[in-house]
Amino acid sequence: MEYTRKELMVVAAAREIREGEKVFVGMRLPLLGFAVAKELHAPNAVGIFENGVIRDWPALQSIFTISDPPNLARALYCGGIVDVMNLLQAGRVDLGFIGGAEVDRYGNLNTHWVVENGHRVRLPGSGGAADIATLAGRCIIIMNHERRRFLPRVHFITSPGYGEGAEWRTENGLPGGGPSRVITSLGIFSFDAQSREVVLASHHPGVTVEEIRRETGWPLRISPGLNETAPPSREELAVVRKYDPKRVWTS
Amino acid sequence: MEYTRKELMVVAAAREIREGEKVFVGMRLPLLGFAVAKELHAPNAVGIFENGVIRDWPALQSIFTISDPPNLARALYCGGIVDVMNLLQAGRVDLGFIGGAEVDRYGNLNTHWVVENGHRVRLPGSGGAADIATLAGRCIIIMNHERRRFLPRVHFITSPGYGEGAEWRTENGLPGGGPSRVITSLGIFSFDAQSREVVLASHHPGVTVEEIRRETGWPLRISPGLNETAPPSREELAVVRKYDPKRVWTS
Amino acid sequence: MDKVSNLREAIARDIQDGMAVAMGCALESLIPFAAGYEIIRQKKQDLTLIAPISDIQFDQIIGAGCVKKVVASWVGNVAAGLGHNFRRAMEEGIPQRLEVEEHSNFTLALGLKAAAMGLPFLPTKTARGSDFAREPHYAEIDCPFTREKLLAVRAIQPDLAILHVQRADSEGNAHVWGNFGVLREAAFAAKKVLLTCDEIVDHEVILSDPNRTVVPGFLVSSVVHLSFGSHPSPTQGYTRRDDDFYFEYHKESRAPEGFKRWLEKWILGVKDHSEYLALLGPERLQRLKPEGNLFSLPVSFNF
Amino acid sequence: MDKVSNLREAIARDIQDGMAVAMGCALESLIPFAAGYEIIRQKKQDLTLIAPISDIQFDQIIGAGCVKKVVASWVGNVAAGLGHNFRRAMEEGIPQRLEVEEHSNFTLALGLKAAAMGLPFLPTKTARGSDFAREPHYAEIDCPFTREKLLAVRAIQPDLAILHVQRADSEGNAHVWGNFGVLREAAFAAKKVLLTCDEIVDHEVILSDPNRTVVPGFLVSSVVHLSFGSHPSPTQGYTRRDDDFYFEYHKESRAPEGFKRWLEKWILGVKDHSEYLALLGPERLQRLKPEGNLFSLPVSFNF
């Protein structure tokens, strides 16, 4: 069965959501991933949105922002930022999805400013990403895999991963568990349990390790158990396409 | 026209409420006073209750607690303790009514424990009184006038007035203005602008200064402009009786 | 996940001796009296009870000998005055000694709110100058920006919050209306929530109005359907306040023997909530049913 | 007290140059775009704009040259990506230099909440480890009870909050539903509130559901009745999101000249909100009207 890289990324995100978990969802690919998880293997998962919305079933209509009316209608709970961020801060949120313009070998993310052709480019800023990165039980980073985005050290830490590695989070008093996975357009990465460095766990079908190394700005560690990312099942793909019928996010 | 002392106290409380003010009301006499003010001279006053209720018209049915259903029905706003206490803390509440088992010459109130016949008697505690005393723009103290309740120094400060007098509130960082009046069953008292000591401003009709002195546990200061408390007008009495038709609170 | 249970099982499962339990969180309304009675029937021990003003609920449970400590701003009988059991415990250690963590309404609410926010404390300007603010659950701090002195209130985390609500679905998603007191803070501060409710509704009723959802089901361990579960306290739209009950309690609990008789009649002598309602009798219950035509006007979630 | 006003007068009266204004407080919905357009028409200067994520509203007002500073966690175009005017101001000082007080969603919300609570700061565990947390509106503090290190967030007090709401009465008592973002904190933090609303209702509608009252009228200085006042952002139950408008804006504002043309067409070239709606045209407005049958079920306030 044919599928796009983005469909694979959605499915990979979905597989990270365990039954009954409380998940800070966000937009685009993770939003679709939440829908796949809910319909297939995590029917009791709860989706939390940083605008104050909590849902126990995915919005059936395509949305461009988390505050679009279909995401509010028949939600479980509607409150404000503080209400849902309190859940994060109190350690009640198992999982959050975040992305960035740059990521580094310790999973730190930057969405503040980057350098392009020697020119400083201003980006929108944190939104809720720094909060999720700091406070969620664990984080999944989702982004396109390009060498200019995968740097040894980000220019600015918006959303902290493991900082300078090893015990940095504990030493700096960050309560959340930190990033557990990076899902990119080329592969899936985990973090070394001691050094907290990014480790390639699986390459997507049709992608070589060499290609991934080429698009990564530091000498990438490879897991001894490296394998190929399992392609989307027929059921998984069907749900992705049910929730993104016009292929707005997954083409 | 005949009236009871308690009716006079209600009317005295009502006269302290100015048009448009936000008032922490409480129960019993001040609640009736709020109704009188709303109907007569302060139609835009707003009543705030520590359970989270805000009303712009008095409940028409008699209530025993501020959370009784007639006090919630057709309220302006229903929230929680923190919501209304935030208004107090942010300096948005003009006036609050409080009472106590003991008051002293600087307007400090005690509702924690008293001594009766050498035996320590435990009282219910602060409720919201300490918050109102600390934070409201100004406070009105309402209580029965008995010598055992009017002490040079209360046994325990639950709700601070002017502490040890003079600049004590400022020195201790209490943001609210402190008590502006004491309304008792015998008279009405103000506070000296410098020393912050209780001063008799008016005695109720039929009460002598001597009687008030006898029921006060310290050498009471008398205002040079001492006069007699103006009796309730026909209109004032009519409203008091409209809201307390069975004389539950005012007999 | 269906969490509907009967009261006896829910109390037996969710409360262990020595726990800290928030209950009576909406001040004088929505007090989970039926749940308190079952705590007494099951003879739970060494509880810490948490609420700003719990009306006579704390006085009852103290008198029954279940309580080691209260975290409260006011303990008594709101309409009638003092709480006799609270006084006896504090003054004479009858039926046993009682500790009090003293609060104002605001500081108690902030302590629960701190826990609900996942914080060890919250700052405030209140209660400075009150003698109880010298207790060790308060501390003076400086604002790092303005240097002004503030009072820090230590977080209060209940093991369990018992909340009576108007309506909930079987998963524990609850709609509540009227005054909240500290009900919302308690729900999010506690490790888990036991709901009693006047009505169990379909999940679709909850989803019709997500702004009315005060307790999301993932916080809840048990849901118990109890019509009149807040009696004698009121539940807006469902039951009036039974004022006489409070005045009778005040009179009868004045002496320890009177309280024992009261306890035997209303709590120990009845097997469960149904028998309690039968003891109140159908006429009294009928008188407590609200009347009127005051309904919230609808809002549209169309898109 | 009747506070109903027209938009021109309300903006002229309630906003002075140099003020700090919170607007766009519910994230991507209920953004008071019509009020923002009027700010641009009146050429207000040196404003500080406050909101976590204001979608394209801040980008527009920045591009029009009205803004000295933003207090925000994210400035851009939520569906399309970057905000071109924000970039130009930050990178090249076009049309003028712009300061940013950097926040995360949570710290911005806590800053407003601190002001709403009358406090100079609130503590949090978030953003420790983020580079922006080194800015001077944050400070490291110790918990006086547990000794753990926390981040203090300085209070943010707007001079004015401009809020678009579903329905309000003429005194400014407002019912709001859907996601709140920081709308409630902004309403209570600001020195005063300017409301725009899709519907003006009788006071009795407000009183029918006091739990729906998000803004009590005593906080409000002006009430402006503006159907589609949040266009292109959605107002649950009243207007859909006009997605195309955001994508067109993104394309046309890419270069300064394009933005000028956009500004001329949609804001400066129309006299007021009615002309703006006429420019959108009746068909487009019709397409933005919600459909369905999703209404909140009533609750009883009977007693």
Side-chain angles (χ1 to χ4, degrees), chain C residues 110 114 117-125 136-148 150 152-155 166-167 175-180 201 204-212 214 234 236-241 289-303, chain D residues 110 114 117-126 136-148 150 152-155 166-167 175-180 201 204-212 214 234 236-238 240-241 289-303:
Chain C
L110 290 172
M117 295 183 79
L119 292 173
F121 82 96
L122 274 173
T124 181
K125 294 178 178 175
H137 50 286
Y138 300 105
E140 196 177 86
I141 56 169
D142 291 322
C143 171
F145 303 107
T146 63
R147 295 291 147 206
E148 68 196 289
L150 298 163
V153 182
R154 190 172 61 194
Q166 278 103 343
R167 65 188 184 198
H175 278 181
V176 192
W177 56 98
N179 59 296
F180 294 129
V201 294
E204 285 300 314
V205 173
I206 301 296
L207 298 190
S208 83
D209 195 355
N211 290 105
R212 190 85 67 193
V214 169
Q236 194 81 27
Y238 291 80
T239 61
R240 292 176 171 161
R241 190 172 193 271
K289 292 229 172 104
E291 287 166 9
N293 195 24
L294 298 173
F295 296 94
S296 63
L297 291 168
V299 303
S300 165
F301 279 91
N302 288 335
F303 61 86
Chain D
L110 291 171
M117 295 182 79
L119 293 172
F121 82 96
L122 275 173
T124 180
K125 294 179 177 174
T126 198
H137 50 286
Y138 299 106
E140 196 176 88
I141 57 169
D142 291 322
C143 171
F145 304 106
T146 64
R147 294 292 148 205
E148 68 196 289
L150 298 163
V153 182
R154 191 172 61 195
Q166 278 104 343
R167 65 189 185 199
H175 277 181
V176 193
W177 55 97
N179 58 296
F180 293 130
V201 293
E204 285 300 315
V205 173
I206 302 295
L207 298 190
S208 82
D209 195 356
N211 289 103
R212 190 84 68 191
V214 169
Q236 194 81 27
Y238 290 80
R240 292 175 172 163
R241 190 173 193 267
K289 292 229 173 104
E291 287 166 8
N293 195 25
L294 299 174
F295 296 94
S296 64
L297 291 169
V299 303
S300 164
F301 280 91
N302 287 335
F303 60 87

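Letters go in sequence order (proteins before strands), and every chain restarts at 1.
Chosen from D/G178, D/A139, D/G118, the residue pairing most often with chain C at heavy-atom distances under 4.5 Å is D/G178. With respect to chain C, the highest number of heavy-atom pairs below 4.5 Å among D/H137, D/E204, D/M117 belongs to D/H137. Ranked by heavy-atom pairs shorter than 4.5 Å toward chain D, the options C/L122, C/D209, C/T239, C/N293 are led by C/D209. Per-residue heavy-atom pair counts under 4.5 Å with chain C were compared for D/V176, D/V205, D/N211, D/N302, and the maximum is reached by D/N302. Ranked by heavy-atom pairs under 4.5 Å with chain C, the list D/F145, D/F180, D/F295 is led by D/F145.
Side-chain contact check for C/R212 versus D/L297: every heavy-atom pair is 4.5 Å or farther apart. In this structure the side chain of D/K125 reaches within 4.5 angstrom of the side chain of C/L119, judged on heavy atoms.
The contact between D/L110 and chain C is made entirely by side chain atoms (from C-beta outward), counting heavy-atom distances below 4.5 Å. Heavy atoms of D/I141 lying under 4.5 Å from chain C belong exclusively to its side chain. Contacts of C/F121 with chain D are made by both backbone and side-chain atoms, with heavy-atom separations under 4.5 Å. There is no contact between C/Y238 and chain D, counting heavy-atom distances below 4.5 Å. Heavy atoms of C/V153 lying under 4.5 Å from chain D belong exclusively to its backbone. Contact annotation for D/H175: neither backbone nor side-chain heavy atoms come within less than 4.5 Å of a heavy atom of chain C. With a threshold of 4.5 angstrom between heavy atoms, C/L150 approaches chain D through side-chain atoms but not through N, CA, C or O. Interface residue D/E148: only side-chain heavy atoms are found under 4.5 Å from chain C. Both the backbone and the side chain of D/F303 come within contact range of chain C, judged by heavy atoms closer than 4.5 Å. Only the backbone of C/P136 comes within less than 4.5 Å of a heavy atom in chain D; its side chain stays farther off. The parts of D/R154 that come within reach of chain C are both its backbone and its side chain, each placing non-hydrogen atoms under 4.5 angstrom from that chain.
Nearest heavy atoms, D/W177 versus C/F301: CD1-CZ, 3.7 Å.
Of the options D/P144, D/C143, D/P123, a side chain to side chain contact (heavy atoms under 4.5 Å, CB included) to C/P120 is made by D/C143 and by none of the others. Of the options D/S296, D/S300, D/P210, D/P298, a side chain to side chain contact (heavy atoms under 4.5 Å, CB included) to C/S296 is made by D/P298 and by none of the others.
Residues satisfying the side-chain contact (heavy atoms from CB on, under 4.5 Å) criterion with D/E140, sequence neighbours excluded, are D/R128, D/K149. For the salt bridge (charged side-chain N to carboxylate O under 4.0 Å, His left out) test, residues two or more places apart in sequence or in another chain that qualify with D/R241 are A/D68, D/D55, D/D243.
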